[in-house]
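Since the structure comes first, as structure tokens, the remarks are kept for the end.
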Number of protein chains: 2
Amino acid sequence: MAKSNAPITEHLAYLLAQANREINRQLELRLSKEGVPVEQWRILKVLSDGDGHSMGELADAVLLNHPTLTKMIDRMVSDTLVYRVQDPNDRRKVLMFISDRGKVLCKKLNSLAVDQEEHILESYGDKSTSELKRLLESLIDSSN
Amino acid sequence: MAKSNAPITEHLAYLLAQANREINRQLELRLSKEGVPVEQWRILKVLSDGDGHSMGELADAVLLNHPTLTKMIDRMVSDTLVYRVQDPNDRRKVLMFISDRGKVLCKKLNSLAVDQEEHILESYGDKSTSELKRLLESLIDSSN
DNA sequence: TTGAAAATATTGAATATTCAACAATTGAAG
DNA sequence: CTTCAATTGTTGAATATTCAATATTTTCAA
């Protein structure tokens with residue numbers, strides 16, 4: 001039985017928040033070299049398959065809710081990193097695509113992100129990292 | 001070597017963000033029964049040791065930056081859940097204390113949070129949970 | 001002791017996020 | 001077919017967060 005007087009630092013929710021905050025902070029720091037927030041990197045990465053993705057799909061994939069995504073996409077359209085196309089099969093939908101400029105930026109960002117992953121692998125270990133990833137995936141699965 | 005064309009879903013930073021989002025959403029849902037955001041529960045929990053904690057200490061402990069914490073504490077003071085006392089030993093500091101009303105609320109919130117942890121234990125498993133906690137702690141350690 | 005630098009908390013302006021309402025389109029039941 | 005509900009995306013107002021600047025107090029070196 002879980003103890004209700006356990007310190008906050010023993011709660012899974014807290015540990016996740018703390019780890020997420022720290023790793024995200026580090027990633028943010030690297031990506032700031034290109035002046036891009038983490039969410040925009042995620043968007044570019046998802047779109048870099050070249051397919052069109054609807055706003056709803058994208059919002060799910062990049063962990064943003066719809067209005068926030070709309071406004072972030074507005075900025076990225078201004079920066080000509082992505083563009084909108086109305087879905088011909090369902091005109092309620094908007095399909096998002098990555099531009100050539102977006103692809104170039106995405107490549108740079110990817111290598112910055114890989115730097116970070118390699119840094120984690122070094123200090124945290126190969127084995128721990130893959131085990132942690134496995135457990136996180138399974139936690140996410142079991143939450144649906 | 002980490003692959004730069006790996007899908008976003010394979011990045012540790014993404015898995016952490018996703019898991020954190022999901023677990024936090026669930027916790028939020030429970031705590032909303034008392035109309036309290038997760039951060040306020042954390043604050044109450046940290047303060048429930050009865051000691052005075054400075055704003056800086058608290059900000060670190062509850063994963064908020066200073067101005068955000070100040071404004072959240074303002075609200076909690078209005079709700080008479082906590083109160084400020086100037087530190088007599090260092091008058092730059094403010095010591096935060098939990099009120100009786102805060103203690104009562106904190107108990108209710110604790111049991112809602114414990115509900116959640118037990119729910120996770122059931123669906124995710126005892127073993128996986130403690131292993132995940134261990135790995136998260138160690139990741140956080142190795143990031144400092 | 002004094003004066004400059006560091007530490008602590010708060011404030012206000014700028015920015016970002018969220019909630020609720022809306023508009024447009026599609027789906028589907030009668 | 002027609003109409004009503006559901007889906008999709010955006011907007012604007014309300015709210016929250018962040019950044020930079022400020023005020024206060026302490027520390028510490030000269």
Side-chain angles (χ1 to χ4, degrees), chain A residues 17-18 20-22 24-29 31-32 35-43 46-47 51-79 81-97, chain B residues 17-18 20-22 24-29 31-32 35-43 46-47 51-79 81-97:
Chain A
Q18 199 181 358
N20 179 51
R21 186 182 160 88
E22 180 58 27
N24 206 56
R25 199 190 55 73
Q26 288 174 16
L27 182 56
E28 215 162 46
L29 200 65
L31 299 190
S32 72
V36 174
V38 175
E39 290 79 12
Q40 290 198 13
W41 171 59
R42 289 197 197 129
I43 292 171
V46 169
L47 295 187
D51 300 346
H53 293 262
S54 75
M55 292 296 280
E57 238 183 291
L58 205 48
D60 283 350
V62 305
L63 315 175
L64 290 176
N65 52 18
H66 292 217
T68 306
L69 178 64
T70 291
K71 285 155 192 173
M72 183 160 285
I73 288 287
D74 286 347
R75 276 169 252 151
M76 294 176 78
V77 168
S78 298
D79 296 342
L81 296 171
V82 299
Y83 57 94
R84 291 176 162 100
V85 174
Q86 195 176 50
D87 185 338
N89 297 119
D90 184 343
R91 289 186 329 200
R92 288 169 301 182
K93 294 187 183 171
V94 169
L95 297 180
M96 298 303 314
F97 291 89
Chain B
Q18 198 181 0
N20 178 52
R21 186 182 161 88
E22 180 58 28
N24 206 58
R25 198 189 56 76
Q26 288 174 16
L27 182 56
E28 214 163 46
L29 200 67
L31 300 189
S32 71
V36 175
V38 175
E39 290 79 10
Q40 290 198 14
W41 171 59
R42 289 198 198 128
I43 292 170
V46 169
L47 295 185
D51 301 345
H53 293 262
S54 73
M55 292 296 280
E57 239 183 291
L58 250 192
D60 282 350
V62 304
L63 315 176
L64 290 176
N65 53 17
H66 294 217
T68 307
L69 179 63
T70 293
K71 285 155 192 173
M72 183 160 285
I73 289 287
D74 286 347
R75 276 168 252 153
M76 294 176 77
V77 168
S78 299
D79 296 342
L81 297 171
V82 299
Y83 57 94
R84 291 176 162 99
V85 175
Q86 195 176 51
D87 186 338
N89 297 118
D90 183 342
R91 289 185 330 199
R92 289 170 301 183
K93 294 186 184 174
V94 170
L95 296 181
M96 297 303 314
F97 290 90

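Residue T70(B) has its side chain nearest to dT11(C) when only dT25(D), dA20(C), dT11(C) are considered. Closest approach to the P67(A) side chain among dT17(C), dT17(D), dT11(D) is made by dT11(D) (side chain taken as heavy atoms from C-beta onward). Ranking dT18(C), dG9(D), dT17(D) by closeness to the K71(A) side chain, first place goes to dT18(C). The R91(B) side chain lies nearest to dT25(D) when the options are dT25(D), dG9(D), dT18(C). Taking every side-chain heavy atom of D90(B) into account, dT26(D) is the closest of dT10(D), dT17(D), dT26(D). Nearest nucleotide to the side chain of R92(B), out of dA20(D), dA6(C), dT7(D): dA6(C).
At least one donor-acceptor pair under 3.5 Å links the side chain of T70(B) to the backbone N or O of H66(B). Judged by distance alone, the side chain of Q86(A) and the main-chain N or O of V94(A) form no donor-acceptor pair under 3.5 Å.
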Mind running side chain to side chain donor-acceptor pair (under 3.5 Å) on Q26(B) and E22(B) for me, showing each step along the way? CA-CA 6 Å; Q26(B) 288 174 16; E22(B) 180 58 28; 3.2 Å; yes
Would you sort out whether Q40(A) and M72(A) count as a side-chain contact (heavy atoms from CB on, under 4.5 Å), showing the intermediate values? CA-CA 8 Å; Q40(A) 290 198 13; M72(A) 183 160 285; 3.8 Å; yes
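Nearest-nucleotide assignment on DNA chain C puts the 5′-proximal partner with L95(B), out of L95(B) and N65(A).
Counting heavy atoms from C-beta on, the side chains of M96(B) and M55(B) come closer than 4.5 Å. L95(A) places none of its side-chain heavy atoms less than 4.5 Å from the side chain of H53(A).
Separating the CD atom of Q40(A) from the P atom of dT17(C) is a distance of 10 Å, rounded to the nearest angstrom. The nearest whole Å value for the distance from the CG atom in D87(A) to the C1' atom in dT8(D) is 11 Å. Going from atom CD of Q86(B) over to atom C1' of dT10(C) covers 13 Å, rounded to whole Å. The interatomic distance linking L64(A) (CG) with dT17(C) (P) rounds to 7 Å, in whole Å. In this structure, I73(B) places its CD1 atom 12 Å from C1' of dA9(C), rounding to the nearest Å. When rounded to the nearest whole Å, the span between CG of D60(B) and C1' of dA9(C) equals 14 Å. When rounded to the nearest whole Å, the span between NE2 of H66(B) and C1' of dA21(D) equals 16 Å. A straight line from CG of N89(A) to P of dT26(C) spans 10 Å, rounded to a whole angstrom.
Smallest separation of non-hydrogen atoms from L27(A) and W41(A): CD2-CZ3, 3.9 Å.
Stretches of at least 3 consecutive Watson-Crick or G-U wobble pairs, with each checked distance under 3.5 Å, appear in DNA chain C as C:1-30 with D:1-30.
Taking side-chain N and O atoms only, S54(A) has a distance below 4.0 Å to OP1 or OP2 of dG9(D).
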